[in-house]
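Keep in mind that the numbers below use all heavy atoms, side chains included, and drop hydrogens, waters and symmetry copies.
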Amino acid sequence: MIREPVVAGMFYPDDAGELRRTVAGYIEKSGEDPDGSVRGIVSPHAGYVYSGPVAGAAFAAAPDGVERVVLIAPSHRYPVYGSSVLDAEGFRTPLGVADIDRETVSALLDSGFSFEPRAHSSEHSTEVQVPFVQVRWPDAKLVVIIQGEVSREHSDRLAESLAGLLDDGVKTLLVASSDMSHYHPEDHAKKLDRQVADAFLSADPDRLVSVLREGSGEACGAGPILTLMSWAKRRGYTGTRELAYDTSATASGDRSAVVGYFAGALTEVE
């Protein structure tokens, strides 16, 4: 099975040449250079006109030579209990088919995670990230996970499984796909988003859990971010960087109800 594109022409260009130029432009104009110490990133997943420059900063800061990308994203269109691992041969975009890392997928399924096809068939939070992977690392293989459960316990379980599976010499990057707060006035949105960003930058998963529980910050991909942080803690990756932040008002001009976009990186050392 190949996962076919469903938001090409809506969230991003459906012409291959235009798509490649657009993605490369976001990466090049970000001002970020590849950082060999980066092991995971947070990248937004809205339409490119809104979040593309912020996503470009996230992927620009990631290291060269990545061979496998583990993409963890939230579900927007179908309820997922726990996490669903895409069991497919490849993931198609207008740039072609990105291969799935079948060995890692099989190991995750064998360890108790499931595959719910309906969760993946129309989900944009995974699809919009794939062209960035294809431009940055054309030969990289994908592991695509839709995480529905937002809890420390589930993120710890998923992170523990990934920590054990990815210690195989393959250069791997984890990507947590997430936008920040949704549809608040921009001033308030920035305060909410700052709480989530600062929790991420603390590299302390418990701090993010507290922010979410108190309602002082919001992120639709809070589960994937929490899993990324838990995985980094297990691996001893203690460094963090803020790469970019913006809101939808930059593109739309509407500051009355915005969506926030944050890019951050987890690195091996502080």
Side-chain angles (χ1 to χ4, degrees), residues 39-46 50-51 54-55 58 70-85 113 116 119-120 123-129 143-163 173-184 188-234 237 240-248 257-266:
R39 293 294 172 263
I41 58 174
V42 177
S43 174
H45 55 235
Y50 296 105
S51 66
V54 177
V70 179
L71 173 55
I72 310 171
S75 178
H76 291 83
R77 308 183 193 284
Y78 186 83
V80 174
Y81 302 96
S83 289
S84 175
V85 182
F113 295 98
E116 173 48 71
H120 295 267
E123 182 54 59
H124 70 273
S125 64
T126 53
E127 184 176 328
V128 298
Q129 308 287 352
V143 178
V144 180
I145 302 168
I146 293 180
Q147 180 176 344
E149 182 175 339
V150 183
S151 72
R152 180 68 193 273
E153 293 74 20
H154 183 75
S155 284
D156 282 350
R157 179 187 167 215
L158 180 54
E160 184 175 5
S161 295
L162 291 171
L173 179 79
L174 260 66
V175 178
S177 177
S178 182
D179 295 340
M180 295 290 129
S181 63
H182 284 56
Y183 310 129
H184 300 284
H188 183 51
K190 288 181 175 180
K191 293 176 182 177
L192 294 171
D193 298 346
R194 189 72 258 160
Q195 291 295 313
V196 175
D198 285 347
F200 172 80
L201 295 171
S202 76
D204 180 3
D206 288 330
R207 181 169 173 180
L208 179 57
V209 169
S210 295
V211 166
L212 298 172
R213 184 179 295 125
E214 295 164 1
S216 58
E218 302 172 3
C220 62
I225 296 173
L226 191 58
T227 298
L228 171 60
M229 295 174 70
S230 181
W231 175 79
K233 188 171 184 177
R234 279 169 166 71
Y237 303 150
T240 58
R241 289 176 57 199
E242 180 167 352
L243 301 169
Y245 175 79
D246 202 358
T247 75
S248 57
V258 307
V259 179
Y261 310 118
F262 169 79
L266 279 167

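- Asp179 places no side-chain N or O within 3.5 Å of a backbone atom of Gly221 that could act as its donor or acceptor partner.
- With contacts defined as side-chain heavy-atom distances shorter than 4.5 Å, the pair Ser178/Pro74 does not qualify.
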Tyr245 and Lys190: CA distance, side-chain angles, deciding distance, side-chain contact (heavy atoms from CB on, under 4.5 Å) verdict: CA-CA 9 Å; Tyr245 175 79; Lys190 288 181 175 180; 3.7 Å; yes

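- In terms of modelled atom types and a separation under 3.5 Å, the side chain of Ser155 and the main chain of Gly223 share a donor-acceptor contact.
- Between the side chain of Ser202 and the backbone N or O of Ala199 there is at least one donor-acceptor pair closer than 3.5 Å.
- No donor-acceptor distance shorter than 3.5 angstrom exists from the side chain of Gln129 to the backbone of Leu71, with no hydrogens or angles considered.
- In terms of heavy atoms, Val258 sits closest to Ala189 at CG2-CB, 3.5 Å.
- At least one donor-acceptor pair under 3.5 Å links the side chain of Ser84 to the backbone N or O of Glu116.
- Here the OG1 atom belonging to Thr247 is positioned 8.5 Å from the CG atom belonging to Asp193, to the nearest 0.5 angstrom.
- The main-chain N or O of Ala73 is never found under 3.5 Å from a side-chain atom of Ser177 such that the two would form a donor-acceptor pair.
- The OH atom of Tyr78 lies 13.0 Å from the CD atom of Glu123; values are rounded to the nearest 0.5 Å.
- Ser161 and Phe113 make their closest contact through OG-CE1, 3.5 Å (heavy atoms, listed as atom of the first residue, atom of the second, distance).
- Ring planes of His76 and His124: tilted class, angle from 30 to 60°.
- Considering CG of Asp204 and OG1 of Thr240, their distance stands at 11.5 Å, rounded to 0.5 Å.
- Interatomic distance, Leu243 CG to Phe262 CZ, rounded to the nearest 0.5 Å: 7.0 Å.
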Test log, rule side-chain contact (heavy atoms from CB on, under 4.5 Å), inputs Glu214 and Gln195: CA-CA 11 Å; Glu214 295 164 1; Gln195 291 295 313; 6.0 Å; no

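- Nearest heavy atom pair, residue Leu192 against residue Gly215, reads CD2-O, 4.1 Å.
- Checked against Leu226 for a side chain to side chain contact (heavy atoms under 4.5 Å, CB included), the options Leu158, Ile72, Leu208 give a single hit: Leu208.
- Residue pairs meeting the salt bridge (Lys or Arg N to Asp or Glu O under 4.0 Å) criterion with at least one member in residues 147-158, sequence neighbours excluded, are Arg152-Asp156, Arg152-Asp206, Asp156-Arg234.
- Taking both residues in full, the closest heavy atoms of Ala46 and Val128 are given as O-CG1, 4.4 Å, listed atom of the first, atom of the second, then distance.
- Rounded to the nearest 0.5 angstrom, Ser151 OG and Leu212 CG are separated by 11.0 Å.
- Remark: the backbone N or O of Val259 is paired with a side-chain donor or acceptor of Ser248 at under 3.5 angstrom.
- Counted by atom type alone, His154 and Ser83 present one or more donor-acceptor pairs between their side chains at under 3.5 Å.
- The number of heavy-atom neighbours closer than 6.0 Å to OH of Tyr50, taken from other residues, nucleotides and ligands shown, is 12 or below.
- Expressed to the nearest 0.5 Å, how far CG of Leu228 lies from CD1 of Ile225 amounts to 8.0 Å.
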Test side-chain contact (heavy atoms from CB on, under 4.5 Å) applied to Leu266 and Arg39, step by step: CA-CA 6 Å; Leu266 279 167; Arg39 293 294 172 263; 5.7 Å; no

